[in-house]
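Convention: sequence-line order gives letters A, B, ...; per-chain numbering from 1.
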Amino acid sequence: MFRVLQTCKGVHPLRFWPFLQACCTFSPAATTSLQFISDGYENENKDLDFKLLFSSCTNVHLAKRLHALLVLSGKAQDIFLSTGLVNLYANLGDVSFARHTFDQIQKKNIFTWNSMISAYARVRRYHEAVNCFYQLLLTSRLQPDSYTFPPVLKACGNMVDGKKMHCWVLKLGFEWDVFVAASLVHMYSRFGFLGVARKLFNNMPVRDMGSWNAMISGFCQNGNAAEALDLLDEMRLEGVKMDPVTVVSILPVCALSDDILVGILVHLYSIKHGLESDVFVSNALINMYAKFGNLGHAQRVFDQMEVRDLVSWNSIIAAYEQNEDPITALGLFKEMQLVRIQPDLLTAVSLASIVAQLSDHRNSQSVHGFVARRGWLMEDVIIGNAVADMYAKSGSVDSARRVFEGLPVKDVISWNTLITCYAQNGLASEAIEFYHMMVAHIEIIPNQGTWVSILPAYSHVGALQQGMKIHGRVIKNCLYLDVFVGTCLIDMYGKCGRLDDAMSLFYQVPRKSSVPWNAIISCHGIHGHGEKALKLFKEMMDDGVKPDHVTFVSLLAACSHSGLVDEGQWCFNVMQEKYGIKPSLKHYGSMVDLLGRAGRLDLAYNLIQNMPIQPDASVWGALLGACRIHGNFELGSIASDRLFEVDSENVGYYVLLSNIYANVGKWEGVNKVRSLARERGLKKTPGWSSIEVNNKVDVFYTGNQTHPRCEEIYEELEVLTAKMKSLGYVPDYSFVLQDVEDDEKEHILTSHSERLAIAFGIISTPPKSTIRIFKNLRVCGDCHEATKFISRITEREIIVRDSNRFHHFKNGICSCGDYW
DNA sequence: GTAGGGTTAG
């Protein structure tokens with residue numbers, strides 16, 4: 001190599017640059033040679049073309065070689081060359097090496113400092129950029145110039161820093177520089193000081209494209225769509241044309257303000273003026289179309305791109321992921337890897353969400369590993385939250401919790417994610433506990449997402465008083481007009497038995513979307529007010545609100561609970577014919593339930609037989625339930641056979657079947673079901689009931705013996721049972737699946753969670769006051785009977801909300817007409 | 001040799 005290089009003496013360095021690239025490491029001989037050559041070269045030609053040399057360094061590796069060359073040739077302290085090196089490293093993204101080089105330079109000039117400051121700003125290490133600025137002021141005798149301020153102003157993280165910087169600008173007299181002025185405008189508008197920004201903008205003696213864009217993007221980043229569009233108009237009137245930057249600023253605002261028309265106009269403008277070839281413009285277009293749910297247009301823009309960068313791929317993947325097409329999104333991710341685009345943190349965020357939608361536990365773990373290996377979990381809270389959410393959605397509560405615990409920084413969304421995780425996996429008490437833990441961290445300020453995650457948990461356990469406290473906070477935070485929070489509150493009041501409050505809230509929130517309508521219709525349904533639910537549905541249609549599949553699930557359930565057969569069938573037809581919604585398993589389940597309860601078992605069975613999709617356990621279960629109510633043993637056994645073909649796990653169905661056998665006196669059948677249940681080692685969903693007394697929710701599990709007032713509760717139940725028996729109560733053992741003696745069966749029935757909760761209510765509230773109980777499963781038939789007696793004996797109203805509906809017990813009668 | 005205004009997120 002030495003000899004090769006020796007023969008190159010006097011040759012322009014660029015000529016042997018490919019050769020340098022080929023050398024992976026410098027051997028000692030090569031190092032000497034390089035020194036020899038550069039020395040020799042310099043002797044012949046004083047003006048080296050280092051500018052060209054710099055630009056030929058396309059990666060950090062080559063930059064380091066050049067750096068070595070400069071050091072070896074004794075030029076490392078040359079102020080032009082060393083500043084060039086700082087810039088070179090900064091442009092290649094290696095800011096720490098830029099800093100290292102910067103620190104080595106003994107006599108820095110303002111160019112050197114400016115390069116370093118802008119290097120930090122470019123990689124968004126804003127804090128260091130500002131520090132560097134102050135270091136310049138304090139440690140050097142140099143004065144900042146007009147090039148210093150634009151990056152520093154960009155780096156100001158808050159208005160306090162920003163105002164200080166503005167003072168320096170004024171003090172040094174750079175406020176009229178067009179770059180500095182535009183940076184000031186942008187800074188003020190970024191922090192929402194739009195008035196100040198506008199004033200500065202108006203006072204600018206010269207406005208270039210950058211000034212207009214600074215002002216427009218300031219409005220856009222504030223979500224101030226109207227003002228941004230006004231300014232765009234103003235710009236047009238002054239004869240200034242949009243450039244790619246303007247377009248890219250304005251497109252996200254179109255999506256934000258739901259203005260597809262302006263979006264399309266801007267797209268057409270971009271095509272006409274050839275701006276589409278700008279990668280940023282195409283990327284912004286993909287994002288905008290994705291937000292409008294228009295995947296066809298997003299894909300078309302993507303397909304037409306000549307150059308695609310990481311953001312293009314991230315955008316198209318997110319487009320499909322956010323429009324609930326995880327399969328296509330995953331395919332695109334694989335394609336991206338094939339064209340060797342390295343994924344980044346944002347790709348991983350989409351990936352986590354894709355896997356969450358696919359609810360695939362094995363893939364969850366590989367995504368987690370993928371993210372952890374790259375150290376992203378430690379780097380950014382967003383990806384940590386996304387991974388926790390992924391586990392939450394696939395039902396892995398423990399994994400989600402572990403990810404949460406491992407996060408170096410937790411923000412309000414991390415907490416919200418975990419609260420939602422517990423609430424949506426049926427662990428309402430844990431969700432509430434977690435919320436209390438969150439509130440104890442004063443640095444975490446609850447937001448809209450917090451209310452949306454905690455309110456359903458309160459609804460679930462019937463914590464009305466605590467839910468009302470949240471309502472108070474929501475009003476304080478002016479969020480009561482938010483559709484999602486409002487809907488959660490409607491749902492909470494409705495499910496806690498306060499239908500009037502739910503209604504008055506309903507008429508306060510915006511009702512353009514189906515979301516609040518679905519909630520209020522469902523609330524009336526579970527209260528057994530089917531007529532009112534239908535009336536609301538008609539009101540919804542009059543208001544021109546488009547119902548969705550959820551609306552019809554609620555409506556059908558409402559009709560079913562109130563025995564409105566014709567109306568239910570009408571809904572079922574309207575759904576398909578008027579709104580083109582294909583019935584899902586849930587709709588079929590509700591229809592079978594509706595027909596079955598009303599005694600139209602033949603129609604129900606017929607409907608199942610003609611279903612275009614495979615009936616699942618809930619559909620057969622609905623038929624089985626109807627057979628129990630109407631004592632149809634034959635159809636019941638058909639239903640149970642088919643039911644156990646598709647789901648033999650759910651213990652509730654065995655109870656139902658056992659009860660059907662018992663009602664027709666087939667005791668061997670009861671025994672058969674019992675042994676079947678035992679053989680299959682059924683996994684039981686633990687039944688629990690809750691009651692809120694004095695702002696505190698107590699949760700009782702079946703057979704609970706750990707409650708502090710446990711003894712009193714069982715004593716009370718014993719007294720009650722004796723009184724009930726004297727009034728004619730006979731325990732119905734067919735609701736007990738365990739194969740034990742009758743005494744034991746009676747004990748099992750007595751220790752059902754709903755009875756423990758009722759007994760606790762009786763001993764801890766004033767006589768004759770109303771008792772409200774919440775049960776996570778359907779209320780047991782024997783408990784239903786017993787509660788009727790208890791309401792008579794204690795002269796109390798007892799309201800039990802189970803997983804299906806409200807049961808209102810008064811004077812020994814239940815509002816559901818015993819069709820539980 | 002140095003600068004401003006631009007797209008994607010839980």
Side-chain angles (χ1 to χ4, degrees), chain A residues 50-51 54 78-88 90-91 109-119 121-122 144-154 174 177-187 189-190 201 207-218 220-221 242-252 255 275 278-288 290-291 309-319 321-322 344-353 356 380-390 392 407 411-414 416-417 420 449:
Chain A
F50 277 101
K51 197 175 172 188
F54 278 134
D78 180 294
I79 191 67
F80 289 100
L81 295 176
S82 55
T83 304
L85 268 177
V86 172
N87 271 312
L88 180 59
N91 286 336
N109 64 12
I110 190 63
F111 292 93
T112 326
W113 283 96
N114 289 346
S115 300
M116 197 58 237
I117 293 171
S118 72
R122 234 175 299 161
D145 68 4
S146 66
Y147 281 73
T148 318
F149 284 104
V152 185
L153 285 166
K154 185 182 177 181
F174 290 115
D177 181 279
V178 69
F179 277 55
V180 176
S183 301
L184 279 169
V185 166
H186 192 250
M187 182 197 68
S189 54
R190 232 173 60 221
F201 178 76
R207 280 181 211 150
D208 66 355
M209 211 49 233
S211 327
W212 281 99
N213 287 336
M215 193 67 229
I216 292 176
S217 78
C220 294
Q221 285 165 10
M242 294 200 284
D243 74 348
V245 179
T246 330
V247 168
V248 170
S249 306
I250 210 82
L251 283 175
L275 308 182
D278 186 306
V279 184
F280 276 65
V281 171
S282 286
N283 293 346
L285 282 167
I286 295 173
N287 283 303
M288 180 193 71
K291 295 236 167 73
D309 66 0
L310 177 60
V311 179
S312 325
W313 284 97
N314 282 350
S315 304
I316 194 74
I317 292 172
E321 173 258 304
Q322 284 163 6
D344 73 346
L345 211 130
L346 264 65
T347 326
V349 170
S350 290
L351 205 54
S353 179
D380 198 322
V381 65
I382 290 180
I383 182 66
N385 294 344
V387 171
D389 189 52
M390 169 184 76
L407 292 179
D411 67 0
V412 61
I413 299 181
S414 321
N416 294 352
T417 305
T420 311

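Counting any heavy atom pair closer than 4.0 Å across all strands shown, A:T246 reaches no nucleic acid atom. At a threshold of 4.0 angstrom between heavy atoms, the contacts of A:M209 include nucleobase atoms, whether or not backbone atoms are also involved. Within 4.0 Å of A:S82, counting heavy atoms only, lies no atom of the nucleic acid at all. At the heavy-atom level, A:V86 lies nowhere under 4.0 Å from the strands shown. Using a 4.0 Å heavy-atom criterion, one finds that A:I79 contacts the bases of the nucleic acid, with or without backbone contacts as well. Heavy atoms of A:V349 sit under 4.0 angstrom from primed sugar atoms or phosphate atoms, though from no base atom. When heavy atoms are screened at a 4.0 angstrom cut-off, A:D177 is found touching base atoms of the nucleic acid. Within the nucleic acid shown, A:N87 comes within 4.0 Å of sugar-phosphate atoms alone, with no base atom in reach, counting heavy atoms only. As judged by a 4.0 angstrom heavy-atom cut-off over every strand, A:R207 is placed among residues making no nucleic acid contact.
We find that CH2 of A:W113 is positioned 22 Å from P of B:dG1, with the value rounded to whole Å. One interatomic measurement links the two molecules: CD of A:Q221 to C1' of B:dG6, which rounds to 8 Å at whole-angstrom precision. Rounded to a whole Å, the CH2 atom of A:W212 is 18 Å from the C1' atom of B:dG6. For the pair A:D243 CG and B:dG4 P, the computed distance is 15 Å after rounding to whole Å. The distance between atom CZ of A:R122 and atom C1' of B:dG6, rounded to the nearest whole Å, is 16 Å. Regarding A:I216, its CD1 atom lies at a distance of 11 Å from the P atom of B:dG6, rounded to whole Å. The CG atom of A:D344 sits 13 Å away from the C1' atom of B:dT7 (whole-angstrom rounding). What separates CZ of A:F174 from P of B:dG4 is a distance of 16 Å, to the nearest Å.
Judged by distance alone, the side chain of A:S189 and the main-chain N or O of A:H186 form a donor-acceptor pair under 3.5 Å.
Considering only side-chain atoms of A:V311, the nucleotide from B:dT2, B:dT8, B:dG5 that sits closest is B:dT8. Nearest to the side-chain atoms of A:L346 among the listed nucleotides B:dA3, B:dG6, B:dT8 stands B:dT8. In the set B:dG4, B:dT8, B:dA3, B:dG4 carries the atom at the smallest distance from any side-chain atom of A:S211. Relative to the side chain of A:P151, the nucleotides B:dG5, B:dT2, B:dA3 differ in distance, and B:dA3 lies closest. Residue A:N114 places its side chain closer to B:dT2 than to any other of B:dA9, B:dT2, B:dG6. Counting only heavy atoms from C-beta on, A:N287 has its side chain closest to B:dT8 among B:dT8, B:dG6, B:dG5. For A:P252, whose side chain is taken as the heavy atoms from C-beta onward, the closest listed nucleotide among B:dT7, B:dA9, B:dG6 is B:dT7.
Look at A:S217 and you'll find a side-chain N or O under 4.0 angstrom from OP1 or OP2 of B:dG6. Here A:K154 does not reach the OP1 or OP2 of B:dA3: none of its side-chain N or O atoms lies under 4.0 Å away.
Annotation: side chain of A:V185 is not in contact with side chain of A:S211 (no heavy-atom distance under 4.5 Å). Here the side chains of A:R122 and A:N91 are in contact, with some heavy-atom distance below 4.5 Å. Using a 4.5 Å heavy-atom cutoff, the side chains of A:V381 and A:S414 are in contact. Using a 4.5 Å cut-off on side-chain heavy atoms (C-beta onward), A:T417 and A:T420 make no contact.
Not a single donor-acceptor contact under 3.5 angstrom links the side-chain atoms of A:D208 to the base of B:dG5. Taking 3.5 Å as the limit, the base of B:dG6 and the side chain of A:N283 contain no donor-acceptor pair of atoms between them. A donor-acceptor contact under 3.5 Å links the side chain of A:T83 to the base of B:dG1.
Ring stacking holds between A:Y147 and B:dT2, with the centres under 5.5 Å apart and the planes within 30 degrees of each other.
When each of A:L285, A:V279, A:V281 is checked for a side chain to side chain contact (heavy atoms under 4.5 Å, CB included) with A:N283, only A:V279 meets the rule.
Ring geometry, A:F201 versus A:W212: the interplanar angle exceeds 60°, so the pair is classed perpendicular (tilted spans 30 to 60°).
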